[in-house]
Peer 1: 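Please find one structure pasted underneath; my questions will follow.
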Amino acid sequence: MALRIGVPKETAAGEKRVATVPDVVEKLVKLGFSVAVQSGAGDAAHFADDTYRAAGADVVDTAAELWARSDIVFKVRPPSASEVGLMREGGTLIGFVWPAQNPELMQQLAAKKATVLAIDCLPRQLSRAQKMDALTSMAGISGYRAVIEAANAFGRFFNGQVTAAGKIPPAKVFIAGAGVAGLAAIGTAANLGAIVRANDTRAEVADQVVSLGGEFVKVDYEEEGSGGGGYAKVMSEGFQAAQRAMYAQQAREVDIIITTALIPGKPAPKLITAEMVQSMRPGSVIVDMAAEQGGNCELTVPGEVALRHGVTIIGYTDLASRLAKQSSTLYSNNLLRLTEELCKTKDGTIDVNFDDDAIRGLTVLKAGEVTWPAPPPKLPAVPPKPKAAAVAVAAPKGHGHGAGEPMSMRSLAIVFGVGVLLFALVGLYAPASFLSHFTVFVLACFVGYMVIWNVTPSLHTPLMSVTNAISSIIAIGALIQIAPPLAGAGADRPNALILGLAVVALALTAVNMFGGFAVTRRMLAMFRK
């Protein structure tokens, strides 16, 4: 029997997102589910009830009715105690749960014998789980919005300008943490014209920072900071001291600081001290993206904007919700991909299969039984390094050379000698007109070979696509050979073999020319926005 998916209106203060959008409702219906949406659930994200009806969903008036009649409930924020009370016994809940931070909620859901799939517990190290990774989707939106909020509070342009009224220097932005949110913030700030600097405990993200237009600021202390699953780990005291010194220096130099540092299951680390805030120039801005977990700045007030020592400290906990339509669309697509994994038979039922590492990691409760934390996923084994190839035994002299080996001096001398003999025969017996053309041909081959050989390999394709167009010289020669028969009866007719070769050369050169231009056009299109 097909199950019913319910989408209630979010009750958390200031939450504007909705767990499913009309476009996704249509796809859920095609999977065999029926869908019910509480009236007004999508209003704050600009999805009207009528658009849900048009997509095939039932719109119900009250939360009590929706929770009672739904086998599966899609949520954004963790449910409140009152919402858990409305939940059908033995039902399924899918959404953000944060089991480590909400032990009481876990007990209430277990009492309902619920099956709970926490989207925040997805094993992010699995490549096949990326399509379901709502944490990444929401972090990217939050990083973008953090820069927009900083620009709104900052009293200057981000990009530098020189005008008749005076010179405006570019804003300097420092981003602490180069995860998904940090990288989104780096790209956005750089696109707005700011000078962007960033730091992260994971050294491997330095190239990503530079590729987005930022400068990676390294801590003067060697320690690996990757904690697995896309997160950083808690660093040693020595590293933290060196990091604080670097942050203090950046605070004195930059105009805007955006902090993104979070460690799963732990309070947000304090990176920006009150002394650092006091050292910043008046009018500077701090956006603390970790405010919901206590904040990376000592002076952050979660959910509010505070003014301290002339510095605006933004502690919003709903950055993703401030782009409600976009974030709702991405989040609902993540839940759709999860539903497809749960319902591979497309018959409107789900199978919580613990043999699937992604599903096992997501499942924190199954029929009321606590299954969190999940065991580490079984990652594919790293292939062994190939053994060094055995050194080939050198062939005896005088017996040639193997494939890939340099030509011996004897063979090279023989080839050179044969070449000299052929050139001597041509010079002695060929007519003078042929010899002059042959000389030009040999020099052209030599010059062309040297030019192509010295081009960087990465440029071979665009180079050849352009040089192919120069094949028009061959086309002109072929046309000269074909032209006499078309000039009239009195014209000298070329040999039939030469005429045939000219026609073939003209056809092949035409293909080469048009292909060269086509390849060039396609390659240039790759570099256009």
Side-chain angles (χ1 to χ4, degrees), residues 1-12 15-80 83-84 86-97 109 112 114-119 122 131-132 134 137-138 321 324-353 359 362-363:
M1 180 179 177
L3 300 179
R4 185 180 182 89
I5 295 175
V7 182
K9 184 176 181 178
E10 296 295 322
T11 58
E15 183 56 67
K16 299 177 181 178
R17 290 173 291 178
V18 61
T20 298
V21 301
D23 287 345
V24 170
V25 168
E26 295 179 358
K27 297 173 183 177
L28 292 172
V29 171
K30 289 180 181 178
L31 287 175
F33 297 96
S34 62
V35 181
V37 179
Q38 184 181 346
S39 179
D43 286 352
H46 306 291
F47 297 109
D49 290 348
D50 289 342
T51 61
Y52 284 105
R53 291 191 183 96
D58 296 327
V59 177
V60 299
D61 293 329
T62 64
E65 181 184 0
L66 183 128
W67 282 88
R69 294 176 54 193
S70 300
D71 302 294
I72 306 168
V73 175
F74 284 179
K75 282 271 293 154
V76 179
R77 294 274 185 171
S80 62
E83 287 177 315
V84 175
L86 298 174
M87 187 176 183
R88 172 186 293 186
E89 187 164 336
T92 299
L93 173 69
I94 302 177
F96 286 106
V97 177
L109 291 167
K112 282 281 186 176
T115 296
V116 179
L117 280 75
I119 201 73
L122 180 75
K131 61 186 177 181
M132 301 177 275
S137 300
M138 298 302 101
S321 184
K325 188 166 188 175
Q326 182 68 77
S327 55
S328 297
T329 300
L330 294 183
Y331 181 69
S332 61
N333 281 328
N334 293 138
L335 295 192
L336 170 66
R337 301 308 172 200
L338 171 57
T339 307
E340 289 173 342
E341 292 295 317
L342 293 170
C343 181
K344 293 184 177 179
T345 54
K346 299 183 179 180
D347 58 355
T349 61
I350 62 172
D351 177 23
V352 182
N353 180 14
I359 302 302
L362 285 166
T363 308

Peer 1: Would a 4.5 Å heavy-atom cut-off, applied to side chains only, mark T339 and F74 as touching?
Peer 2: yes
Peer 1: Output all residues satisfying side chain to side chain contact (heavy atoms under 4.5 Å, CB included) with A2, sequence neighbours left out; order by chain, then residue number.
Peer 2: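 With neighbours one apart ignored, the set is empty.
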Peer 1: Taking the side chain as every heavy atom from C-beta outward, state whether L93 and V84 have any atom pair closer than 4.5 Å.
Peer 2: no
Peer 1: Ring centres of Y331 and F96 under 6.0 Å apart?
Peer 2: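 Yes, they do, as the ring centres are separated by less than 6.0 Å.
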Peer 1: Give a yes or no answer on whether the side chain of E83 reaches the backbone of S80 with a donor-acceptor pair at less than 3.5 Å.
Peer 2: yes
Peer 1: Please walk me through it: do L117 and L342 pass side chain to side chain contact (heavy atoms under 4.5 Å, CB included)?
Peer 2: CA-CA 11 Å; L117 280 75; L342 293 170; 3.8 Å; yes
Peer 1: For a quick test of reading the model, state the closest non-hydrogen atom pair linking K131 to N334 and the distance between them.
Peer 2: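 Looks like O-ND2, 3.0 Å.
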Peer 1: On a heavy-atom basis, which atom in R77 and which in K75 lie closest, and how many Å separate them?
Peer 2: O-CE, 3.1 Å
Peer 1: Run M138 and S327 through side chain to side chain contact (heavy atoms under 4.5 Å, CB included) and show every step you take.
Peer 2: CA-CA 6 Å; M138 298 302 101; S327 55; 3.9 Å; yes
Peer 1: Would you say the side-chain atoms of T115 pair up with the backbone N or O of T92, donor to acceptor, closer than 3.5 Å?
Peer 2: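 Absent.
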Peer 1: Check the surroundings of atom NZ in K9: do more than 12 heavy atoms from other residues, nucleotides or ligands lie under 6.0 Å from it?
Peer 2: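 Incorrect, the count does not exceed 12.
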Peer 1: Do NZ/NE/NH1/NH2 and the carboxylate oxygens of R4 and D58 come within less than 4.0 Å?
Peer 2: yes
Peer 1: For F47 and V18, which heavy atoms make the closest approach, and how far apart are they?
Peer 2: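 Here F47 and V18 meet closest at CD1-CG1, 4.1 Å.
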Peer 1: Could you check whether any side-chain N or O of D49 sits under 3.5 Å from a backbone N or O of G40, counting only pairs where one atom can act as donor and the other as acceptor?
Peer 2: yes
Peer 1: Between E340 and K27 (salt bridge meaning N to carboxylate O under 4.0 Å), is one present in this structure?
Peer 2: no
Peer 1: How far apart are the C-alpha atoms of T20 and I5, what are their side-chain angles, what is the distance that settles it, and do they pass the side chain to side chain contact (heavy atoms under 4.5 Å, CB included) test?
Peer 2: CA-CA 10 Å; T20 298; I5 295 175; 5.6 Å; no
Peer 1: Donor-acceptor pair, distance only, cut-off 3.5 Å: does the side chain of E10 make one with the backbone of R17?
Peer 2: no
Peer 1: If you count the non-hydrogen atoms of other residues, nucleotides and ligands that lie under 6.0 Å from NZ in K16, is the total more than 12?
Peer 2: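 Count not over threshold, so no.
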